[in-house]
2 protein chains.
Amino acid sequence: MDKRQITLKSIAKALNLSPSTVSRAMKDHPAISAKTKALVREYAEKYKYKPNTLAIRLRTNRNNTIGVIVPEVVHFFFSTVLAGIQEETEKGNYNIIFCHSNEDYEREVKSVETLLDARVCGILASQSKTTASFEHFQEIVDSNIALVFFDRICTGINTDKVVVDDYAGAFKAVDYLVQTGCRQIAFLGMNPSLPISNNRRMGYEDALRKNKIPVDKDFMKVCDVAEMVHKVVPEILKRDKIPDAFFCINDEVAAYCVQIVKASGYRIPEDISICGFTNSYITEVTDPTLTTVDQHGFEMGKQAARLLINRIEGTETKPGIVSKVIKTELVVRDSTR
Amino acid sequence: MDKRQITLKSIAKALNLSPSTVSRAMKDHPAISAKTKALVREYAEKYKYKPNTLAIRLRTNRNNTIGVIVPEVVHFFFSTVLAGIQEETEKGNYNIIFCHSNEDYEREVKSVETLLDARVCGILASQSKTTASFEHFQEIVDSNIALVFFDRICTGINTDKVVVDDYAGAFKAVDYLVQTGCRQIAFLGMNPSLPISNNRRMGYEDALRKNKIPVDKDFMKVCDVAEMVHKVVPEILKRDKIPDAFFCINDEVAAYCVQIVKASGYRIPEDISICGFTNSYITEVTDPTLTTVDQHGFEMGKQAARLLINRIEGTETKPGIVSKVIKTELVVRDSTR
DNA sequence: TTGAAAGCGCTAACAA
DNA sequence: TTGTTAGCGCTTTCAA
């Protein structure tokens with residue numbers, strides 16, 4: 001039943017060799033004779049020897065594992081990033097320990113603890129919406145563990161990051177809305193403390209300014225989840241002066257916005273244009289389909305993972321803090337004129 | 001700079017104790033004096049001692065890590081299951097190593113290797129669409145590692161599983177379609193080698209039979225991704241006898257189906273009803289919103305993880321292979337009469 | 001070309 | 001109440 005595990009030692013004993021010789025034979029050490037190598041290899045093959053990773057890691061003090069903290073995995077963008085991370089770490093021969101903060105500060109702190117306990121060699125993190133302090137992230141840095149933020153970066157920590165050009169993406173989208181004739185463009189954003197939201201707001205404002213359209217604070221609302229859309233959008237539509245476009249912080253908000261705007265009797269895009277952000281699956285099945293800004297999450301995941309691995313392995317050539325920016329792309333569909 | 005790590009040994013030296021005493025003090029061993037405990041604790045606190053998990057795991061031969069293999073994480077259902085798994089493993093104090101087969105057999109095999117190499121204490125897996133052989137899964141069992149399949153179970157392996165009551169879910173949905181007046185119900189399914197698809201097909205057929213409606217093979221198609229919908233549905237709509245309902249294998253198929261059916265000039269649900277499966281976000285933003293079958297992915301993830309942990313810890317009381325079934329629920333929205 | 005020995009950080013049986 | 005010792009499985013220096 002409980003078959004003894006095959007170890008270097010057991011192989012050594014069986015073959016009348018020393019463990020060190022077996023170890024060397026297994027890793028093709030030049031000093032070992034071809035004959036011995038063959039002998040050891042054959043035996044190992046036959047008895048399905050599997051090196052004990054734990055022992056190797058303890059011995060070498062490197063465990064080829066990185067931690068990933070995602071705020072919400074049931075989300076097109078973040079799951080796409082995760083897929084990108086996975087692809088890259090697989091290539092680099094790293095395992096991923098997956099943590100889910102679920103947009104909750106406490107769980108985020110706990111996730112960091114977990115990862116430090118597991119002695120990962122690096123951490124990829126995107127902070128939760130509710131995170132306001134960042135000692136836990138500082139602890140990672142203090143422990144000399146590589147840390148790369150992606151998308152929702154933490155401005156309080158000075159470390160590598162990979163972000164989307166939120167400003168440019170928003171600018172392009174809003175400028176496009178203006179070019180197609182919109183003049184009263186509402187912005188449905190997130191908590192402005194998150195840089196991604198703030199940057200998009202600036203892109204939005206600058207696009208308006210460039211086109212000599214006044215920026216109206218009344219047209220800027222925090223509105224980033226379904227329930228808020230159902231509250232905020234009808235309110236806006238009840239005003240005397242209603243917008244002729246909505247620029248939304250993500251595709252879900254845009255999709256619900258489409259619904260509400262249609263239900264209120266307006267035509268899309270003739271009366272009101274709507275633009276999302278992310279380019280998730282959802283954009284293809286709303287009616288009309290959604291114009292949006294592609295965030296290239298997969299690429300972001302890959303680049304973040306690559307950067308982290310380079311840091312870990314000391315092969316990152318750029319000096320100082322590295323800040324990568326993923327280009328966004330306007331994807332025009334039918335929800336805009 | 002390169003601060004030496006705090007270890008039990010280093011604490012022992014500093015405090016003039018033996019490592020074993022320190023070890024015991026840290027874990028509140030009854031034999032240690034309160035004074036010593038306090039001393040050790042204080043020192044550990046001050047210098048932020050963190051036990052080396054790797055060493056503990058090597059020593060105790062248990063690493064509190066489980067592996068998860070997901071076929072496609074950018075997918076409402078699977079990411080929801082992952083979130084459920086994460087919630088439960090966090091409670092149980094297990095880490096998750098995340099693997100992504102990406103619906104690819106080769107990567108699935110590699111994932112299993114990775115997890116066995118990492119010496120996880122258990123594996124949760126849902127197989128990829130392209131998996132036809134299962135020696136890799138058998139290897140898990142042979143290695144005496146706990147294995148629980150979820151959703152896309154592998155029928156070739158005799159082990160614990162957690163599935164949705166696909167048959168009942170399909171039966172309910174199709175029966176509902178019939179009750180609401182549909183008579184020609186098409187089934188857009190997956191590769192019939194996957195049990196989930198086969199079970200739903202049987203539910204579909206039995207619901208028709210129960211209602212004395214002939215089962216027509218021409219109304220049953222393999223059609224489970226966007227591109228296929230764009231090919232298959234228009235073909236069906238070109239026939240002399242077209243369906244008055246589509247029962248779809250997932251919500252994405254249903255959503256694209258809505259689009260195509262509308263574009264072909266039919267009204268939903270007056271002319272044609274459409275029903276999906278999963279109850280993902282998408283169902284709320286199509287127009288009309290989608291009737292679907294809720295799969296309760298989060299619950300499935302939790303139960304699968306719980307079952308696996310019980311197996312690992314030997315606390316599963318049920319004898320033999322355990323097969324859990326998650327109840328589905330028909331969610332009626334506007335795409336059906 | 002191979003082996004002996006030490007040690008990674010921790011635990012636990014046994015001894016004192 | 002505390003210490004000694006051995007060892008988990010592996011790597012690596014040093015010696016032979």
Side-chain angles (χ1 to χ4, degrees), chain A residues 2-41 43-44 47-65 93 116-121 143-144, chain B residues 2-41 43-44 47-65 93 116-121 143-144:
Chain A
D2 209 46
K3 205 167 46 175
R4 287 296 303 130
Q5 209 191 127
I6 306 292
T7 67
L8 288 186
K9 209 169 146 190
S10 74
I11 297 180
K13 204 188 228 168
L15 262 36
N16 237 308
L17 290 167
S18 78
S20 40
T21 303
V22 177
S23 169
R24 286 188 275 244
M26 287 307 294
K27 44 186 40 158
D28 214 11
H29 192 285
I32 303 296
S33 74
K35 202 174 138 202
T36 308
K37 275 182 194 168
L39 191 69
V40 170
R41 294 282 182 63
Y43 188 95
Y47 292 98
K48 300 200 177 171
Y49 166 69
K50 277 203 185 301
N52 186 324
T53 333
L54 258 29
I56 297 176
R57 289 173 179 182
L58 175 61
R59 178 62 229 241
T60 59
N61 207 19
R62 286 269 329 294
N63 72 3
N64 267 61
T65 298
N93 243 301
L116 290 180
D117 281 354
R119 284 188 150 64
V120 293
C121 12
S143 309
N144 254 306
Chain B
D2 210 46
K3 205 168 46 175
R4 287 295 303 131
Q5 210 191 130
I6 307 293
T7 67
L8 288 187
K9 208 168 147 192
S10 74
I11 297 181
K13 204 188 229 169
L15 263 34
N16 236 307
L17 291 167
S18 79
S20 43
T21 303
V22 177
S23 168
R24 286 187 277 244
M26 288 304 295
K27 45 186 40 158
D28 213 11
H29 192 284
I32 303 296
S33 74
K35 200 175 139 201
T36 308
K37 274 182 195 168
L39 190 70
V40 170
R41 293 280 181 67
Y43 187 96
Y47 292 98
K48 301 201 176 167
Y49 167 69
K50 278 204 184 301
N52 187 323
T53 333
L54 259 29
I56 298 176
R57 289 172 178 181
L58 175 61
R59 179 62 228 242
T60 59
N61 207 21
R62 285 268 330 292
N63 72 3
N64 268 62
T65 298
N93 243 299
L116 290 179
D117 281 354
R119 285 187 149 64
V120 294
C121 11
S143 309
N144 253 306

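All chains are named by letter (A, B, ...) in the order of the sequence lines, taking the proteins before the strands, and each is independently numbered beginning at 1.
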J.: For A/Ser20, check side-chain hydrogen bond (donor to acceptor under 3.5 Å, both in side chains) against everything at least two apart and list the hits.
T.: A/Ser18

J.: May I have the distance from A/Asp117 (atom CG) to C/dG9 (atom P), rounded to whole angstrom?
T.: 16 Å

J.: To check you understand the geometry: which heavy-atom pair defines the closest contact between A/Asn64 and A/Asn93, and what is its length?
T.: ND2-O, 2.8 Å

J.: Might you list the N or O atoms of the protein lying below 3.5 Å from N or O atoms in nucleotides 14-16 of chain C, with each pair's distance?
T.:
none

J.: List for me each residue that meets side-chain contact (heavy atoms from CB on, under 4.5 Å) alongside A/Lys13, sequence neighbours excluded, and say none if there are none.
T.: none

J.: For B/Leu54, does its backbone N or O pair with a side-chain atom of A/Asn63 as donor and acceptor, under 3.5 Å?
T.: no

J.: What are the two closest heavy atoms between A/Leu17 and A/Thr21, and how far apart are they?
T.: CD2-CG2, 4.3 Å

J.: With A/Lys50, which residues qualify under salt bridge (Lys or Arg N to Asp or Glu O under 4.0 Å), at least two apart?
T.: B/Glu113, B/Asp117

J.: If you look at every strand shown and take non-hydrogen atoms under 4.0 Å, does A/Asn61 touch a base, only sugar-phosphate, or nothing?
T.: nothing

J.: Taking ring pair (Phe, Tyr, Trp, His ring centres under 6.0 Å) as the definition, give me every residue that meets it alongside B/Tyr49, ordered by chain and number, with sequence neighbours left out.
T.: none

J.: Nearest to the A/Ala31 side chain among D/dC10, C/dG9, C/dT1, which nucleotide is it?
T.: C/dT1

J.: Quick one, which residues of residues 32-41 of chain A touch DNA chain C with a heavy atom under 4.0 Å?
T.: A/Ile32, A/Ser33, A/Thr36

J.: So what does B/Leu58 hit on the nucleic acid, given a heavy-atom distance under 4.0 Å: a base, only sugar-phosphate, or nothing?
T.: base

J.: Please give, in whole Å, the distance from D/dC10 P to B/Arg57 CZ?
T.: 18 Å

J.: Is any side-chain nitrogen or oxygen of A/Lys9 closer than 4.0 Å to OP1 or OP2 of D/dC8?
T.: yes

J.: Is it the case that the side chain of B/Ser10 and the backbone of B/Ile6 share a donor-acceptor pair, with hydrogens and angles ignored and the cut-off at 3.5 Å?
T.: no

J.: How close or far is atom P of C/dC10 from atom CG of A/Asn52, stated in whole angstroms?
T.: 17 Å

J.: Rounded to the nearest angstrom, tell me the gap between atom CD1 in B/Ile11 and atom P in D/dG3.
T.: 14 Å

J.: Show me the donor-acceptor pairs, under 3.5 Å and distance only, between side chains in residues 22-31 of chain A and residues at least two apart or in other chains.
T.:
residue : atom : partner : partner atom : Å
A/Asp28 : OD1  : A/Lys37 : NZ           : 3.0
A/His29 : ND1  : A/Ala31 : N            : 3.1

J.: Residues two or more places apart in sequence or in another chain: which of them pass side-chain hydrogen bond (donor to acceptor under 3.5 Å, both in side chains) with B/Thr36?
T.: B/Ser33

J.: Would you please name every residue forming a side-chain hydrogen bond (donor to acceptor under 3.5 Å, both in side chains) with B/Asn52, sequence neighbours left out?
T.: none

J.: Name every residue in residues 14-22 of chain B that has at least one heavy atom under 4.0 Å from any atom of DNA chain C, in order of residue number, or write none if there are no such residues.
T.: B/Ser20

J.: Rounded to the nearest angstrom, tell me the gap between atom NZ in B/Lys13 and atom P in D/dG3.
T.: 15 Å

